[in-house]
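Residue numbers begin at 1 in each chain, while the letters A, B, ... track the order of the sequences.
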Amino acid sequence: MHIYDSVQKTKLPFEPIHKGEASIYVCGPTVYDDAHLGHARSSLAFDLLSRTLKAFNYKVTMGKNFTDIDDKIIKKVEETGKSMEEITSFYIKRYVKEMEAIGVQRAEIEPKATESLEAIESMIQKLIDKDFAYVISTGDVYFDTSKDNCYGNISHQVGEDDDNQSRVEHTSFKRNPKDFALWKACKGSEDICFDTNFSSGRPGWHIECSAMIEKHFKGSDTYSIDIHGGGADLLFPHHENEAAQSRCATGHELSKYWMHNGFVQIDGEKMSKSLGNSFFLKDALSVYDGEVLRYYLNSVHYRNNFNFNEEDLLTSKKRLDKLYRLKKRVSPGKGSSVNKNFKQALLHAMGDDLNISIALSVIDEMIATTNDALDSEPKNKALKKETLANIEFIDSLLGFGNKEPFSYFQIGVDEALKKRIEILLEKRTEAKKAKDFESSDAIRDELIAMNIAIMDTAEGTLWEKI
RNA sequence: GGAGCCAUCGCCAAGUUGGUAAGGCCGUAGAUUGCAAAUCUGCUAUUCACCAGUUCGAGUCUGGUUGGCUCCUCCA
């Protein structure tokens with residue numbers, strides 16, 4: 001198994017700190033709004049990582065946090081008059097539900113900032129005690145980046161005198177321009193505050209992740225976790241800062257490997273709130289099936305940017321359809337055991353830094369070969385069973401192909417419509433028997449107008465929702 | 001201003017250590033079909049933004065040019 005480390009910028013063999021185990025921490029969402037396609041992509045990317053590591057027999061412990069203390073949440077509290085807890089629990093529920101719809105497995109650990117305050121406080125205290133952090137008169141606590149001579153090793157972004165055009169605000173309280181807040185003291189009475197030794201206030205964003213990792217992962221003498229993941233936009237400053245805090249507080253590096261996923265773009269631009277081009281996952285799910293979305297969003301290598309458009313999504317659906325048509329052909333039945341070569345080819349592809357393109361091409365090849373074999377030997381039971389097992393393996397590794405194939409092609413068709421289709425098909429079969437092709441073709445046209453495609457097979461006429 | 005990523009067929013997209021361009025969609029010819037659909041088979045980039053260099057040999061390495069994107073502010 002090889003993964004690309006975005007700090008060393010090369011593909012490296014994955015050698016975990018504890019043999020046979022893989023600890024992963026991914027930066028989760030700040031829960032003040034619905035998840036957009038970018039959240040989906042990130043989740044999907046690391047879901048694929050987790051599934052692949054499991055397929056390679058690693059015992060995976062994945063942690064994905066919910067940032068539930070944040071300025072934007074506080075703003076939402078002020079706007080809506082609702083409590084912070086009401087807002088965050090609402091969006092956490094939605095997030096979990098929507099991620100489930102696109103087949104993302106739940107992380108083993110899902111910590112929240114509000115449940116990690118003790119860990120956060122003790123880590124900040126440790127940094128103050130070791131003189132890596134300082135408290136200013138307002139009660140804010142800052143991390144002193146000049147004390148950490150490894151600062152910049154993660155993102156390689158810190159120049160010697162980079163303050164010329166830097167957009168970082170220069171606060172006179174800060175000792176260095178790159179210093180960042182570990183703790184923000186209360187400003188007004190409406191503020192959301194937690195009491196600590198240094199001041200009453202709330203944690204900064206970066207420290208939340210570091211503290212949660214220390215709290216939940218056993219780590220080792222050299223690293224706290226194996227893999228730290230997140231969107232490419234988090235590399236700097238968030239991951240740089242996380243790494244610095246953890247390094248200075250614990251005396252060892254935070255993560256052995258760092259992985260970053262590319263962005264979802266619309267018309268070549270990053271999808272973001274500020275550009276006003278974000279596309280909520282819930283909206284996509286109201287139009288497209290979650291499994292199709294999963295297939296589509298995962299169809300491009302995780303490190304590349306992903307240009308979202310409907311045409312490509314439909315192309316992905318066609319590809320997925322082919323898998324389900326094959327499944328239809330070999331169903332019902334029980335899977336026997338996976339074809340060894342097929343399994344090996346898939347693992348080889350995914351083991352190479354999650355090369356999904358190769359994996360999908362391996363699947364397409366398997367589909368074509370099997371269909372071919374089935375054309376000449378329609379009753380090959382052993383092949384059917386093996387194919388079912390192959391599809392089960394695809395599902396466990398890549399997270400699609402699990403649905404009952406007939407229902408897959410009937411998504412969005414209600415019982416009344418189903419009955420109508422059945423009646424029309426019966427009529428058509430009769431007309432065909434009587435060689436009344438004019439009538440049978442008319443019925444077919446009628447069905448097509450209803451967005452129903454039909455196909456005549458040896459086992460009778462089958463239909464699909466287009 | 002600083003840092004980095006990317007540019008491969010009409011579209012999407014692979015391409016570890018340089019060795020002579022996967023796969024999908026679309027298109028097209030055929031098998032099959034009453035005709036379709038589905039399925040299968042064949043065809044579909046002498047060429048990898050451009051220029052120069054290294055090399056027996058470069059999409060792959062080096063330098064430059066052009067174009068696109070991202071980070072340095074919250075962001076997956």
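With A/Tyr288 as the partner, the side chain to side chain donor-acceptor pair (under 3.5 Å) test is satisfied by one option alone out of A/Lys317, A/Arg294, A/Glu310: A/Glu310. Considering A/Asn307, A/Asn277, A/Asn309 as possible partners of A/Ile266, the one that fulfils the side-chain contact (heavy atoms from CB on, under 4.5 Å) test is A/Asn277. Between A/Ile73 and the options A/Ile69, A/Asp71, A/Asp70, a side-chain contact (heavy atoms from CB on, under 4.5 Å) holds for only A/Asp70.
A cation-pi arrangement, defined by a distance under 6.0 Å to the six-membered ring centre and an angle within 45 degrees of its axis, is absent between A/Lys327 and A/Tyr324. Cation-pi contact between A/Lys465 and A/Phe409: absent, since separation from the ring centre below 6.0 Å together with deviation from the ring axis within 45° is not met.
Using a 4.0 Å cut-off between charged nitrogen and carboxylate oxygen, A/Arg175 and A/Asp144 count as a salt-bridge pair. A salt bridge links A/Glu464 with A/Lys328: the distance from a Lys NZ or Arg NE/NH1/NH2 to an Asp or Glu carboxylate oxygen falls below 4.0 Å.
Spacing of C1' atoms, B/U41 relative to B/C56, comes out at 40 Å, to the nearest Å.
Nucleotide B/A76 holds its P atom 18 Å from the CZ atom of A/Phe308, rounded to whole Å. If you take CG of A/Asp372 and C1' of B/C40, they are 6 Å apart, rounded to a whole angstrom. As a whole-Å value, the separation of A/Tyr295 OH from B/C25 P is 9 Å. In this structure, A/His260 places its NE2 atom 16 Å from P of B/G4, rounding to the nearest Å. Taking atom CD1 of residue A/Ile266 and atom P of nucleotide B/U70, one finds them 12 Å apart after rounding to whole Å. If you take CZ of A/Arg428 and P of B/A37, they are 12 Å apart, rounded to a whole angstrom. With rounding to whole Å, A/Gln265 atom CD is found 16 Å from B/A76 atom P.
Pairing for B/A14 is absent, with no Watson-Crick or G-U wobble pair whose two atom distances lie under 3.5 Å. Base-pair partner of B/C35: not found among the strands shown (Watson-Crick or G-U wobble, both distances under 3.5 Å). For B/G4, the paired base is B/C69 (Watson-Crick or G-U wobble, both distances below 3.5 Å). Across every strand in view, B/U41 sits in a pair with B/A29 that passes the Watson-Crick or G-U test at under 3.5 angstrom.
Nucleic acid contact class of A/Val264 (heavy atoms, under 4.0 Å, all strands): base. Here A/Asn261 lies in heavy-atom contact (under 4.0 Å) with a base. If you check every strand for non-hydrogen atoms under 4.0 Å, A/Ala368 touches sugar and phosphate atoms only.
A tilted orientation is assigned to the rings of A/His206 and A/His238, their planes being inclined by 30° to 60°.
The side chain of A/Lys270 lies closest to B/C71, out of B/C71, B/C72, B/A76.
Listed by chain and number, the residues in a disulfide bond (SG atoms under 2.5 Å apart) with A/Cys193 are A/Cys186 (sequence neighbours excluded).
For A/Arg325 and B/A38, a side-chain-to-base donor-acceptor distance below 3.5 Å is absent, hydrogens and geometry of angles not being considered.
A/Ser286 places a side-chain N or O within donor-acceptor distance of the main-chain N or O of A/Asp283, the cut-off being under 3.5 Å.
Contacts of residues 232-244 of chain A with RNA chain B (heavy atom under 4.0 Å): A/Asp233, A/Leu234, A/Phe236. Within a heavy-atom distance below 4.0 Å of RNA chain B, the residues of residues 448-464 of chain A found are A/Ile454, A/Met455, A/Asp456.
Counting only residues at least two apart or in different chains, salt bridge (Lys or Arg N to Asp or Glu O under 4.0 Å) contacts with residues 354-375 of chain A comprise A/Arg319-A/Asp364, A/Arg329-A/Asp375.
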TODO: Classify every nucleotide of nucleotides 12-23 of chain B by which part a protein heavy atom approaches to under 4.0 Å, writing B for the base, S for the sugar-phosphate alone and - for neither, in 5'-to-3' order.
DONE: SSSS------BS
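Of the side-chain N and O atoms in A/Lys322, one or more sit less than 4.0 angstrom from OP1 or OP2 of B/C25. Distances shorter than 4.0 Å separate some side-chain N or O of A/Lys318 from OP1 or OP2 on B/C26.
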TODO: Given side chain to side chain donor-acceptor pair (under 3.5 Å), test A/Thr138 with A/Lys184 step by step and report yes or no.
DONE: CA-CA 9 Å; A/Thr138 57; A/Lys184 297 172 179 176; over 6 Å; no
Let me have the donor-acceptor pairs involving side chains of residues 100-109 of chain A, under 3.5 Å, with sequence neighbours excluded, atom names and distances please.
| residue | atom | partner | partner atom | Å |
| --- | --- | --- | --- | --- |
| A/Gln105 | OE1 | A/Lys54 | NZ | 3.3 |
| A/Arg106 | NE | A/Glu110 | OE1 | 3.2 |
| A/Arg106 | NE | A/Glu110 | OE2 | 2.8 |
| A/Arg106 | NH2 | A/Glu110 | OE1 | 2.6 |
| A/Glu108 | OE1 | A/Met62 | N | 2.8 |

